[in-house]
There are 2 protein chains.
Amino acid sequence: MSAGGVGGRPEPEQSLTMRDVAERLGVSPMTVSRALRGQGGIGDETRRRVLAEVEALGYRPNRLARGLRSGGPTELVGLVVTNLANPFYSQLAVGVEEICVRSGARVMLGSTGEDPAAEREVVADLVERGVDGLVVVPSGHDHAHLAPDRLRGTPVVLAAGPPVGVDVDCVLVDDFGGSRDACRRLLARGHRRIGFLGLPPSLWTGSERFRGYALALEEAGIPVAERYVSRHRGDTALAEEAALGMLALPDPPTALLAANNRNTVGALRALRRRSPGEPPVALAGFDDIELADLLNVPLTVVSYDPAELGRAAATLLFERRDAPAALQPRRVTVPTTLVDHPTPR
Amino acid sequence: MSAGGVGGRPEPEQSLTMRDVAERLGVSPMTVSRALRGQGGIGDETRRRVLAEVEALGYRPNRLARGLRSGGPTELVGLVVTNLANPFYSQLAVGVEEICVRSGARVMLGSTGEDPAAEREVVADLVERGVDGLVVVPSGHDHAHLAPDRLRGTPVVLAAGPPVGVDVDCVLVDDFGGSRDACRRLLARGHRRIGFLGLPPSLWTGSERFRGYALALEEAGIPVAERYVSRHRGDTALAEEAALGMLALPDPPTALLAANNRNTVGALRALRRRSPGEPPVALAGFDDIELADLLNVPLTVVSYDPAELGRAAATLLFERRDAPAALQPRRVTVPTTLVDHPTPR
DNA sequence: CTGTTAGCGCCTTCAG
DNA sequence: CTGAAGGCGCTAACAG
């Protein structure tokens, strides 16, 4: 008798059940159940006695069993993202959690690594685990497998991309408007040759941000020139290379517009390799950068709050879960703002 | 028909049960159960038929019900952090999830905002929801409430801080060694007056990083001077102010050691406010900074992998969960490396 | 106001 | 190899 601690402790209480509490009090489990849920149908005095005993014993109900019988909501939301290490997604998660906690729900996490097959598995697993709904940052280009019909009716909200092949709610960033505004600002400052460091056209975000760029140019009567446009996977090395290529043209751009954080960083690296004599190149980009004020480069960014995207998604989800009648699919767009980080000093 | 879809679809299948599948096949639910779990005790031909029907119907078992009866593991891990928006914690989460997924487990999230009361609630909620174990980044200074005894026996692993008042496993960063090594490097470069921008002594991490600084100085026969030491909550503004204060001393430090990312950023802001004529100040700090190469300041950082911390934590957790006999509480320390970001160009 | 009966969906146990 | 009985912990639905 020893190891583990068979000391004189008051029983580590493997796992109390409602009946244990009830027996100690000489009442039926139902009484305990009612006291715990505080829904009435029980005398004040009895309730007090029960709650005192519950407190004393440290009893906590088993939510899994509760949910099984009542069939009610599990107060569980599945959040499926590509990669939590990306601050965009971790902030999105913060927003989702914030709203969930307010209604007593918890978040269950799933990462896909941008693999549509992994997404399917993760989603299926979350549904098996009884989530009330899913917030999904989609990986593939078709979302038919996210139809609630195929998921026990579990509601789904897409984040950062519109649904394709399925009618569900979604929350989006104003990619188009943000990009357009950034480009307009560069134009307002007199730039006429503006390079675009973009994302693949197959991505919604990539396509929208390009569209904003193109529209702003068009408004200014400037044609989009192939040689000023690069569209690749967001990767700082590729972005740097693309920027250097453009800047080496006989008529190089006088400004660059980067379609996301990775492209902005690549552009910054390219710019810092220029010699002091060369003409300056203006830079604008999507996504804010924390240390912008420490870089010796003026930078204009399209800023927005990823947490707000998460809050909006979770809100739509709860509304839909609790809607007796089905609502029309809704689409919420989170606005962007243009922020100038002027050259310091 | 139209709206909503009252068309001729094959029933959206509210929620199939094992019996539905069984009835369609004219077998008992047990047969379906056995086929699904693939544990044998069933004929090959029967299993095939069952699985085919399951596939056809798109039936998925209800894991909550499964766990209720079998009492086995839920394959659910609770992760409790202070704030997911902090990249340290989101990377930790990535590490935890990575290990969990390998054993078919999922992560349930809880944020505390560094509030010990919130931590208690979150932990209790996760336990009620039947997690197999918890990875907790502790908020308070005493962890007695995290004793598995009080949590239905749910195992706990502490991350980024050692247990106080309770015997559980933990994973730590080598705060002491990393800080010591950084300080040693500054000393090796000839610095004798080294300022320390630190965290509150009440934090484990704060105290350990200070200890490393103090030890390195002691080794070099240099006393720790009050006026070169600042210890406050990690906040860039406070750090900047503290750094400016030190640099304004009659005998200012020639180097600064920042105890975390926030302090490093504050120090960088302080340094950039100096005029070109003033003597340069060296800077070293805990935590790497992505754009270090774009700052025009040489920077030495103590780098480590937060995801590794998460992987280690989850691994300890599963080992303990599956250990038939209780193991001794273990402590894993993740190493740090010193990285130089030389002045570019 | 309180207790009893039954059963959520699945699995353990024991027959056949 | 398959099925029937029973119950995990809790709560609807009905009695009293």
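Numbers restart at 1 for each chain; the letters A, B, ... are given by sequence-line order, proteins then strands. Values in this document were obtained by computation on a predicted structure and should not be read as measured data.
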*Asks:* After noting the C-alpha distance and the side-chain angles of A:L57 and A:R24, does the key distance pass the side chain to side chain contact (heavy atoms under 4.5 Å, CB included) rule?
*Replies:* CA-CA 10 Å; A:L57 262 48; A:R24 257 166 249 251; 3.6 Å; yes
*Asks:* To the nearest Å, how far apart are B:E128 CD and D:dC10 P?
*Replies:*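 Taking atom P of D:dC10 as the reference, CD of B:E128 is at 10 Å.
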*Asks:* Nearest-Å distance, CG (B:L25) to C1' (D:dG3)?
*Replies:*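 The distance from CG of B:L25 to C1' of D:dG3 comes to 15 Å, rounded to the nearest Å.
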*Asks:* Report, as yes or no, whether the 6.0 Å neighbourhood of atom CZ on B:R330 holds more than 12 heavy atoms from other residues, nucleotides or ligands.
*Replies:*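 Yes, enclosed.
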*Asks:* Please state how far atom CG in A:L36 lies from atom P in D:dC10, giving the value in whole angstrom units.
*Replies:* 9 Å
*Asks:* Quick one: A:E45 CD to C:dC1 C1', roughly how many Å, whole number?
*Replies:*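 Between C1' of C:dC1 and CD of A:E45: 13 Å.
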*Asks:* Around atom CZ of B:R37, are there more than 12 heavy atoms from other residues, nucleotides or ligands closer than 6.0 Å?
*Replies:*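 Enclosed.
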*Asks:* Heavy atoms, side chains only, cut-off 4.5 Å: are B:V123 and B:V80 in contact?
*Replies:*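 SC-SC contact between B:V123 and B:V80 confirmed.
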*Asks:* State whether A:T46 places a side-chain N or O below 4.0 Å from either non-bridging phosphate oxygen (OP1 or OP2) of C:dT2.
*Replies:*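 The answer is yes; a side-chain N or O of A:T46 sits under 4.0 Å from OP1 or OP2.
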*Asks:* Using a 4.0 Å cut-off on protein heavy atoms (strictly under), produce a 5'-to-3' string for nucleotides 6-16 of chain C with B for base contact, S for backbone-only sugar-phosphate contact, and - for none.
*Replies:* BBBBBBB----
*Asks:* Which part of the nucleic acid, if any, lies within reach of B:G71 when heavy atoms closer than 4.0 Å are counted: base, sugar-phosphate only, or nothing?
*Replies:* nothing
*Asks:* Measure the distance from CZ on B:R49 to C1' on D:dC1 and round it to the nearest whole Å.
*Replies:*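 So the CZ-C1' distance, B:R49 to D:dC1, works out to 14 Å.
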*Asks:* In whole Å, what is the span from the CD atom of B:E23 to the P atom of D:dA4?
*Replies:*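 These atoms are roughly 12 Å apart.
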*Asks:* Could you tell me the separation between the CD1 atom of A:I42 and the P atom of C:dG3, rounded to a whole number of Å?
*Replies:* 9 Å
*Asks:* Side chains of B:E97 and A:S111 only: does a donor on one sit below 3.5 Å from an acceptor on the other?
*Replies:* yes
*Asks:* Regarding B:E98 and B:R102, does a basic nitrogen lie under 4.0 Å from an acidic carboxylate oxygen?
*Replies:* yes
